[in-house]
Amino acid sequence: MSDHFDAIVDSVKGALAASPAPTCVEISFDPRGWSELDQLGFTNLALPAALGGSDGNLKDAAIACEAGVAAAFPLIESNFLAVPALTAAGVPWPGGVVTAATTAALISVTPQGTLSGRVTRIPWLRNSDYVVLIFIGDKGPQLAVIDPRVGGASIEPGTNIAGEPRDTLELSEVRPATLRDLPPEWDGLGMQYGAAGRAVQIAAAGAAVLESAARHTSERNQFGRPLVKFQTVQHQLAQLTGDVVTIATGSEAAVLALCERSPQAELLVASAKAESSVLTRRITAVGHQLHGAMGFTTEHKLGAYTTRMWSWREEFGSEMFWQNRIADLVALQDDDVWGLLSDHTLAGGTELNA
């Protein structure tokens with residue numbers, strides 16, 4: 001990792017050092033942690049300075065989100081969904097706590113610019129000052145910046161299985177703070193950014209599970225020697241390491257592809273999210289097995305990571321959703337898998353555009 005990325009990691013971890021340790025019982029919003037990161041510019045890293053951001057890029061944001069994976073606020077939603085959409089629409093950062101959501105639900109827009117509809121499972125909505133909503137309107141993709149407490153809006157609380165807020169927003173002729181058209185490619189692009197963000201989170205949480213398992217098996221003795229000395233445990237740690245590295249490599253490739261606006265971005269995002277969702281099951285199972293009964297207690301931090309991974313694997317598309325999308329991309333390439341992977345088209349044995 002470069003000095004630049006090391007500095008981001010150190011700054012994020014320093015800002016969150018005083019934050020409550022995560023548990024699998026309750027995840028309470030951390031206003032102090034958000035305020036610290038917001039003042040340092042880590043809540044909108046990739047937003048241009050002209051729009052009130054930190055003028056970084058999506059890779060910077062991914063490094064910050066990995067370092068803050070245990071954070072109890074919408075760091076991924078702000079950096080991976082709100083920021084790219086605000087940038088595309090040329091909308092300034094609204095300030096305060098910002099979450100974001102993309103929805104396929106019908107959102108009606110009146111000629112007067114008011115919105116009506118229902119958006120489910122918005123992360124940390126109850127704690128947010130604004131939600132950046134990406135939806136398909138009559139004119140195509142649109143962005144709305146909404147104060148969830150404005151007249152006509154109501155919040156229905158909900159949670160995922162990890163205890164993180166996933167709230168429903170009811171809109172009845174709500175006037176947003178900003179309503180703006182998005183470029184046509186944003187029909188589906190929000191889903192890609194969200195999926196890449198969740199893959200980054202799963203990779204970071206998986207790394208935390210691996211670190212905890214390696215420490216526990218080194219410190220815990222059984223039959224007069226550390227658990228890590230047993231061959232079975234060594235095999236499980238090796239498998240866990242391989243799975244964590246696989247997810248980390250896939251998520252990094254997806255982030256870089258989005259950052260560079262690569263024509264293969266959707267394929268790489270689909271692969272990263274599908275693989276991270278699939279491997280979540282094995283990482284969490286092996287992680288808990290290596291910790292033994294201790295890993296299932298509510299006091300141990302392991303559950304805070306594994307329950308979140310179980311939740312995140314289903315959000316912004318499950319493995320089945322993205323595996324089907326990969327199949328669609330192959331079909332659109334006339335079943336030319338090599339052409340899809342290499343971004344070259346094969347015709348009669350000849351590689352075109354090489």
**Message:** Strictly distance-based, threshold 3.5 Å: is any side-chain N or O of Asp30 a donor or acceptor partner for the main-chain N or O of Ser19?
**Reply:** no
**Request:** Output yes when Glu319 and Arg281 qualify as a salt bridge under the 4.0 Å nitrogen-oxygen rule, no when they do not.
**Result:** yes
**Message:** So does Thr307 get a backbone contact from the side chain of Ser311, meaning a donor-acceptor N/O pair under 3.5 Å?
**Reply:** yes
**Asked** Are the side chain of Ser251 and the backbone of Val200 linked by a donor-acceptor contact shorter than 3.5 Å?
**Response** no
**Asked** Under 4.5 Å between side-chain heavy atoms, hopping through other hydrophobics if needed: is there a path connecting Tyr130 to Leu51?
**Response** yes
**Request:** Kindly indicate, with the supporting measurements, whether the criterion side chain to side chain contact (heavy atoms under 4.5 Å, CB included) is fulfilled by Gln323 and Val278.
**Result:** CA-CA 10 Å; Gln323 287 166 350; Val278 167; 3.8 Å; yes
**Asked** Is Glu173 atom CD crowded by more than 12 heavy atoms from other residues, nucleotides or ligands, each under 6.0 Å away?
**Response** no
**Message:** Looking at Gly56, is its backbone amide N or carbonyl O close enough to the side chain of Asp60 to form a donor-acceptor pair, meaning the two atoms are under 3.5 Å apart?
**Reply:** no
**Item:** Expected output: side-chain Ser128 to main-chain Val131 donor-acceptor under 3.5 Å
**Value:** no
**Message:** Can you give me the closest heavy-atom contact between Gly68 and Val12, atom names plus distance?
**Reply:** N-CG1, 3.8 Å
**Asked** Is a donor on one side and an acceptor on the other found under 3.5 Å between the side chain of Ser212 and the backbone of Ala208?
**Response** no
**Item:** From CG (Asp167) to CZ (Arg126), nearest 0.5 Å
**Value:** 4.0 Å
**Side-chain touch Val269/Leu258, heavy atoms, less than 4.5 angstrom** = yes
**Asked** With a 3.5 Å cut-off and no angle check, do the side chains of Gln192 and Trp322 form a donor-acceptor pair?
**Response** no
**Prompt:** What distance separates Trp124 CH2 from Thr99 OG1, expressed to the nearest 0.5 Å?
**Reply:** 10.0 Å
**OG-CD1 distance between Ser116 and Ile107, expressed to the nearest 0.5 angstrom** = 8.5 Å
**Asked** Under a 4.5 Å cut-off applied to non-hydrogen side-chain atoms, are Thr217 and His291 in contact?
**Response** no
**Side-chain donor/acceptor of Ser54 to backbone N/O of Gly41, under 3.5 Å** = yes
**Message:** Please say yes or no: joined through hydrophobic side-chain contacts below 4.5 Å, possibly via intermediate residues, are Leu81 and Trp93 part of one cluster?
**Reply:** yes
**Asked** Taking Arg121 as the fixed residue, which of Asn160, Thr168, Leu169 is the one that meets the side-chain contact (heavy atoms from CB on, under 4.5 Å) rule?
**Response** Asn160
**Prompt:** Do side-chain atoms of Lys273 reach the backbone of Glu315 as a donor and acceptor pair under 3.5 angstrom?
**Reply:** yes
**Request:** Using atom types as modelled and distance alone, determine if a side-chain donor or acceptor of Arg166 lies under 3.5 Å from a backbone N or O of Thr159.
**Result:** no
**Asked** Where do Val244 and Ile283 land on the side chain to side chain contact (heavy atoms under 4.5 Å, CB included) test, with the steps shown first?
**Response** CA-CA 8 Å; Val244 169; Ile283 289 172; 4.1 Å; yes
**Message:** I want to check something: taking the side chain as every heavy atom from C-beta on, are Trp34 and Ser78 in contact at a cut-off of under 4.5 Å?
**Reply:** yes
**Any donor-acceptor pair under 3.5 Å from Thr114 side chain to Thr110 backbone** = no
**Request:** For salt bridge (charged side-chain N to carboxylate O under 4.0 Å, His left out), just list the numbers for Glu185 and Arg261, CA-CA rounded to whole Å, side-chain angles, deciding distance to a tenth of an Å, and then say yes or no.
**Result:** CA-CA 12 Å; Glu185 62 267 21; Arg261 295 184 172 87; over 6 Å; no
**Message:** Side-chain heavy atoms nearer than 4.5 Å, only ILVMFWY residues, links allowed to pass through others: does that put Leu302 and Ile247 together?
**Reply:** yes
**Asked** Taking it one step at a time, do Met191 and Phe321 satisfy side chain to side chain contact (heavy atoms under 4.5 Å, CB included)?
**Response** CA-CA 11 Å; Met191 190 74 164; Phe321 175 91; 4.0 Å; yes
**Prompt:** Linking I/L/V/M/F/W/Y whenever any side-chain heavy atoms sit under 4.5 Å apart, do Val145 and Leu189 land together?
**Reply:** yes
**Message:** More than 12 heavy atoms of other residues, nucleotides or ligands under 6.0 Å from CG of Asn221: yes or no?
**Reply:** yes
**Asked** If we ignore angles and hydrogens, is there a donor and acceptor under 3.5 Å between the side chains of Thr284 and Trp310?
**Response** yes
Identify all side-chain donor-acceptor contacts of residues 222-235 below 3.5 Å with residues at least two apart in sequence or on another chain.
residue, atom, partner, partner atom, Å
Gln234, NE2, Val228, O, 3.0

**Asked** Does any pair with a residue in residues 184-204 pass ring-ring contact (aromatic ring centres under 6.0 Å, His included), and if so which ones, sequence neighbours excluded?
**Response** Trp186-Tyr193
**Message:** Between Phe80 and Leu75, is there a side-chain heavy-atom distance shorter than 4.5 Å?
**Reply:** no
**Prompt:** Same cluster for Leu45 and Val9 if Ile/Leu/Val/Met/Phe/Trp/Tyr side chains link at under 4.5 Å?
**Reply:** yes
